[in-house]
Amino acid sequence: MSKQVHTVRLNNGYDLPILGYGTYLAQEGQCVQLVKKAIDAGYRHIDTAYVYQNEVEIGQAIRDKIAEGVIRREDLFVTTKLGNTFHDPQHVEEAFRRSFEMLNIGYIDLYLMHTPMGLQFTGFEYGDMDPKDAAGNLLHSEVDYVETWKAMEKLVASGKVRSIGLSNFNSEQIKRILEVATIKPVNNQVEVNPGYDQRKLISFCQKHEITVTAYGPMGRPHRTTYGNRNALDDAKVIEIGRKYNKTSGQIILRYLIDIGTIPIPYSTNEERIRQNIDVFDFKLNDQEIEYLASFHSERTIPFLPLKSHKYYPFNIEF
């Protein structure tokens with residue numbers, strides 16, 4: 001019997017599963033098996049992006065699982081994203097077409113603009129996605145993300161994508177999109193974890209009926225560069241875990257769900273893949289939520305090479 005899938009209703013009527021499998025680091029050779037394991041464990045929401053270079057593998061895993069009778073296409077919610085070098089409206093449709101064909105799963109549930117920061121277009125191949133000058137600086141594009149959004153809206157009429165949204169946008173940038181949108185964004189995917197809880201941005205998005213997907217849900221536990229206290233190894237988080245018979249990772253994911261986000265953890269460990277989705281049989285109390293929020297320090301994925309971009313989103317509070 002399949003597990004119940006917990007979902008949130010998007011502002012256009014579609015349902016998005018409240019926990020997904022992130023695939024940012026899932027590379028060729030392992031990605032097909034990892035996504036199959038995630039589907040077998042009960043994940044019905046898979047997140048990828050053009051720049052992750054794994055859409056072909058993800059599509060393969062999904063088609064295999066459909067062929068095995070484990071899932072139907074309509075049971076799954078698949079998100080992918082427009083790369084930064086494709087912001088010019090004339091490139092949006094072709095960039096989408098490539099993702100659509102590489103996934104090859106009939107339709108895409110959600111297409112996000114990966115960041116508000118465009119880069120110069122140098123071609124559609126994977127090797128073209130990091131355009132740099134002779135000194136090694138990224139070559140920015142001046143294209144306004146509002147124009148990119150208008151081009152993304154046209155994709156919805158094709159029937160090949162059901163919903164469109166944003167990623168790494170701040171509240172002011174979202175406001176600018178909402179002022180021109182004929183199709184409202186359904187989602188904003190941003191970093192959220194105990195070290196960077198984003199409550200103000202989450203509240204802003206909720207007010208505008210925009211769901212928030214939380215990437216980097218554990219922070220970067222193996223990188224101490226940013227000085228974040230690591231919630232995974234924290235004695236009190238471990239103690240809260242004992243109370244509910246859960247791991248620290250499960251406590252963190254439950255926290256992210258309880259503050260109104262949709263976490264997309266990634267793991268290559270089969271047991272952890274199973275654990276990460278087993279977070280729907282308990283809820284944290286207010287004190288526990290506040291304790292998890294107390295880890296706040298700073299974001300662990302600050303896009304530093306793009307800090308000088310005119311549309312860099314992280315210079316304001318939220």
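Just so we're clear, the structure is a prediction, and the values are computed from it rather than from any experiment.
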Next item on the list: Run the ring-centre check on Y196 versus F295 and record whether the distance is less than 6.0 Å.
Entry: no

Next item on the list: Quick one: closest heavy-atom pair of I301 and E191, and the distance?
Entry: N-OE1, 3.0 Å

Next item on the list: Following the transitive rule for hydrophobic clusters with a side-chain heavy-atom cut-off under 4.5 Å over Ile, Leu, Val, Met, Phe, Trp and Tyr, establish whether Y107 and I62 coincide in one cluster.
Entry: no

Note to self: Taking F282 as the starting point, is it possible to reach Y255 by hopping between hydrophobic residues whose side chains are less than 4.5 Å apart?
What the structure shows: yes

Notebook entry, point to check: H309 vs Y311 aromatic rings, parallel, tilted or perpendicular, using cut-offs 30° and 60°?
Noted result: tilted

Check: How close do K184 and W149 get, heavy atom to heavy atom, and via which atoms?
Finding: C-CZ2, 4.1 Å

Check: Of L256, V192, L16, which is the lone residue that meets side chain to side chain contact (heavy atoms under 4.5 Å, CB included) with I262?
Finding: L16

Check: Taking the side chain from N137 and the backbone from K132, do they hold a donor-acceptor pair closer than 3.5 Å?
Finding: no

Item checked: Exercise: identify the closest heavy-atom pair between S171 and L201 -> N-CD1, 3.9 Å

Next item on the list: Taking the six-membered ring for Trp and the single ring otherwise, decide whether the centroids of Y50 and Y126 are under 6.0 Å apart.
Entry: yes

Checklist line | Single-linkage hydrophobic cluster, 4.5 Å side-chain cutoff, I289 and I238 together | finding: no

Notebook entry, point to check: Centroid-to-centroid, Y14 to F77, below 6.0 Å?
Noted result: no

Note to self: Please report whether the ring centroid of Y111 lies less than 6.0 Å from that of F96.
What the structure shows: yes

Next item on the list: Please determine if D40 and K36 form a salt bridge, counting it only when a charged side-chain N lies under 4.0 Å from a carboxylate O.
Entry: no

Next item on the list: Without swapping roles, check the side chain of T148 against the backbone of H87 for a donor-acceptor pair under 3.5 Å.
Entry: yes

Margin query: I'd like to know if the side chain of E153 pairs up with that of T182 as donor and acceptor (distance under 3.5 Å, no hydrogens or angles considered).
Written below: yes

Notebook entry, point to check: Taking atom types as modelled and ignoring hydrogens, do the side chains of Q189 and D47 form a donor-acceptor contact shorter than 3.5 angstrom?
Noted result: yes

Checklist line | Common cluster, V180/M113, ILVMFWY with side-chain heavy-atom separation under 4.5 Å | finding: yes

Checklist line | N193 side-chain N/O to G216 backbone N/O, donor-acceptor pair under 3.5 Å | finding: yes

Next item on the list: Answer yes if the ring centres of F169 and Y145 are under 6.0 angstrom apart, and no otherwise.
Entry: yes

Margin query: Strictly below 4.0 Å, N to O, side chains only: are K246 and D281 in salt-bridge contact?
Written below: yes

Margin query: Strictly distance-based, threshold 3.5 Å: is any side-chain N or O of E288 a donor or acceptor partner for the main-chain N or O of N285?
Written below: yes

Item checked: Verdict with reasoning, Y43 to K37, per side-chain hydrogen bond (donor to acceptor under 3.5 Å, both in side chains) -> CA-CA 9 Å; Y43 291 78; K37 282 174 183 167; over 6 Å; no

Checklist line | Donor-acceptor contact below 3.5 Å, side chain T213 vs main chain P263 | finding: no

Next item on the list: Please confirm whether the backbone N or O of L103 pairs with a side-chain atom of R63, one donor and one acceptor, at under 3.5 Å?
Entry: yes

Item checked: Path from L76 to V32 over hydrophobic side-chain contacts below 4.5 Å -> no

